[in-house]
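What follows is a set of notes on a single structure, which appears directly below.
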2 protein chains.
Amino acid sequence: MTDVLNPAQLRAYFGLMEVVSLLQYAVREQLHAEGGLSYVQFEILAKLAHTDQPLTMTDLADGVVYSRSGLTHQAGLLQKQGLITRSASPDDQRATVVHITEEGRARLDTVLPGHIQVVRELLFDSLDERDVRTLGDMMGNARDHMRSRPPRSAAPRNRHTGTAVEK
Amino acid sequence: MTDVLNPAQLRAYFGLMEVVSLLQYAVREQLHAEGGLSYVQFEILAKLAHTDQPLTMTDLADGVVYSRSGLTHQAGLLQKQGLITRSASPDDQRATVVHITEEGRARLDTVLPGHIQVVRELLFDSLDERDVRTLGDMMGNARDHMRSRPPRSAAPRNRHTGTAVEK
DNA sequence: TATTGTTATACTCTATAACTATA
DNA sequence: TATAGTTATAGAGTATAACAATA
């Protein structure tokens with residue numbers, strides 16, 4: 001249990017952060033310029049379109065690193081643009097179900113080609129097929145690992161644990 | 001020149017974005033809680049300490065995806081905390097050279113063990129040695145590629161090109 | 001009593017544009 | 001004329017805490 005990372009780890013870590021920063025920057029600009037969407041808004045629409053059925057706010061919050069109030073805020077912006085609708089769930093009166101509208105799908109269609117082009121030009125042009133598979137595997141593992149083992153603080157972001165966390 | 005990504009690419013792309021989001025979230029929290037630093041502030045200090053010599057604002061802006069005014073702002077915050085100093089360059093009167101102070105180094109030392117622990121627990125615990133090398137290679141390639149080929153817009157972030165970009 | 005979601009609020013980050021001064 | 005950096009400002013994103021309604 002040393003408290004350093006070896007040089008290969010440092011290189012991987014900083015490389016990862018830098019690459020994703022550059023990618024995020026480009027992707028955000030594209031989404032904003034071509035569709036007036038923030039990245040989170042894009043994620044919400046993409047998730048709804050991909051799942052192809054209404055999701056609750058909590059469903060949406062899963063998978064997006066986001067506070068609930070932040071999600072409410074972004075959903076409000078999407079709704080104001082007519083890209084989603086929100087209505088009370090028939091099953092659970094507390095829950096809100098979110099639907100994507102036709103306009104929402106259309107907006108996604110507007111944005112997607114440019115989005116994909118940016119990602120391909122920036123990221124995939126430098127990776128061969130085997131790299132892509134490997135990267136996908138590694139990120140899949142890492143995600144499962146991260147999701148299953150919340151950080152040291154064990155501070156829940158979205159849920160109550162029952163154990164009070166003093167602060 | 002299709003306009004889709006194949007499934008492996010989609011998986012890699014979304015996996016990458018999700019993993020780094022989770023990592024950034026955890027890392028930001030750690031830096032803030034244990035050192036009162038934002039990630040950019042950490043990057044600035046780390047860069048100064050690593051280079052081990054004063055850098056100009058422009059030097060610092062390179063490698064950090066940041067507007068110049070944003071960098072000025074963050075540098076101001078660091079200076080207010082006594083972690084860096086800024087002074088006029090002897091070589092070029094326009095330039096500002098940034099030094100890290102002893103306090104700055106100390107702050108970095110305070111933050112680093114926890115930082116490394118977070119990164120190791122979240123990221124490297126799920127990757128073996130070979131993965132780490134591979135990831136480092138891929139990210140190195142991708143970074144070089146991205147840095148050499150600015151996105152479609154060709155809109156310069158930090159420099160003047162001489163060609164006016166209408167907007 | 002716990003959970004879903006919203007509101008109100010405040011703070012941070014980031015970018016744009018205008019500006020100063022040096023080259 | 002171009003570059004380095006700062007300032008003023010404005011907008012977007014995000015979190016916290018308090019709250020209402022339902023389970």
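In what follows, chains carry the letters A, B, and so on, assigned in the order in which the sequence lines appear, proteins first and then strands, with residues in each chain numbered from 1. Because only heavy atoms are used, hydrogens play no part in the values below, and waters and symmetry mates are left out as well, while side chains stay in.
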Checklist line | Comparing Tyr39(A) and Gln93(A) on DNA chain D - which has the more 5′ nearest nucleotide | finding: Tyr39(A)
Check: Roughly, in whole Å, what's the span from CE in Met57(B) to C1' in dT3(D)?
Finding: 14 Å
Next item on the list: Measure the acute angle between the ring planes of Phe42(A) and Phe14(B), then classify it against the limits of 30° and 60° as parallel, tilted or perpendicular.
Entry: parallel
Note to self: Give the residues of residues 74-90 of chain B touching DNA chain D, defined as any heavy atom closer than 4.0 Å, sorted by residue number.
What the structure shows: Arg86(B)
Check: Counting only heavy atoms not in His50(A), do more than 12 sit closer than 6.0 Å to its NE2 atom?
Finding: no
Next item on the list: Could you tell me the separation between the CD atom of Gln24(A) and the P atom of dA15(C), rounded to a whole number of Å?
Entry: 12 Å
Note to self: Please pick, from dG13(D), dA21(D), dG5(C), the nucleotide with the shortest atom-to-atom distance to any side-chain atom of Gln41(A).
What the structure shows: dG13(D)
Next item on the list: Report the distance from atom CG of Leu71(A) to atom P of dT16(D), rounded to the nearest whole Å.
Entry: 15 Å
Item checked: Salt-bridge criterion met for Asp137(A) and Arg11(B) (N-O under 4.0 Å) -> yes
Notebook entry, point to check: Does Tyr25(B) make a side-chain N or O approach to OP1 or OP2 of dA15(D) shorter than 4.0 Å?
Noted result: yes
Item checked: Integer-rounded Å distance: dA2(C) P and Arg94(A) CZ -> 13 Å
Next item on the list: Output yes when Arg94(A) and Asp92(A) qualify as a salt bridge under the 4.0 Å nitrogen-oxygen rule, no when they do not.
Entry: yes
Note to self: Let me confirm one number: the CG-CD distance from Leu78(B) to Gln41(B), rounded to the nearest 0.5 Å.
What the structure shows: 4.5 Å
Next item on the list: May I have the distance from Asp91(B) (atom CG) to dT22(C) (atom P), rounded to whole angstrom?
Entry: 15 Å
Check: The side chain of Ser67(B) lies closest to which of these nucleotides: dA15(C), dT4(C), dG5(D)?
Finding: dA15(C)
Next item on the list: In whole angstrom, give the distance that lies between atom CG of Asp59(B) and atom P of dA4(D).
Entry: 10 Å
Checklist line | Side chain of Thr96(B) - closest among dA23(D), dG13(D), dG5(D) | finding: dG5(D)
Next item on the list: When you get a sec, tell me which of dT7(D), dT4(C), dT22(D) is the closest nucleotide to the side chain of Thr58(A)?
Entry: dT4(C)
Next item on the list: Please state how far atom NE2 in His73(B) lies from atom P in dC11(C), giving the value in whole angstrom units.
Entry: 13 Å
Checklist line | Separation between CG of Leu71(A) and CG of Asp62(A), rounded to the nearest 0.5 Å | finding: 10.0 Å
Note to self: Quick test of your reading of the model: are Glu18(A) and Arg147(B) salt-bridged, counting only N-O distances below 4.0 Å?
What the structure shows: yes
Item checked: Phosphate contact (dC13(C) OP1 or OP2) by Ser38(B) side-chain N/O below 4.0 Å -> yes
Checklist line | Given dT22(D), dT22(C), dG5(C), the nucleotide with the shortest approach to the side chain of Asp92(A) | finding: dT22(D)
Next item on the list: Rounded to the nearest angstrom, tell me the gap between atom CZ in Arg68(B) and atom C1' in dC19(C).
Entry: 12 Å
Notebook entry, point to check: Between dA21(C), dG5(D), dA21(D), which nucleotide gets closest to the side-chain atoms of Ala95(B)?
Noted result: dG5(D)
Item checked: Residue-phosphate contact under 4.0 Å: Ser69(B) side-chain N/O, dT14(C) OP1/OP2 -> no
Notebook entry, point to check: Leu127(A) versus Leu135(A): any side-chain heavy-atom pair under 4.5 Å?
Noted result: yes
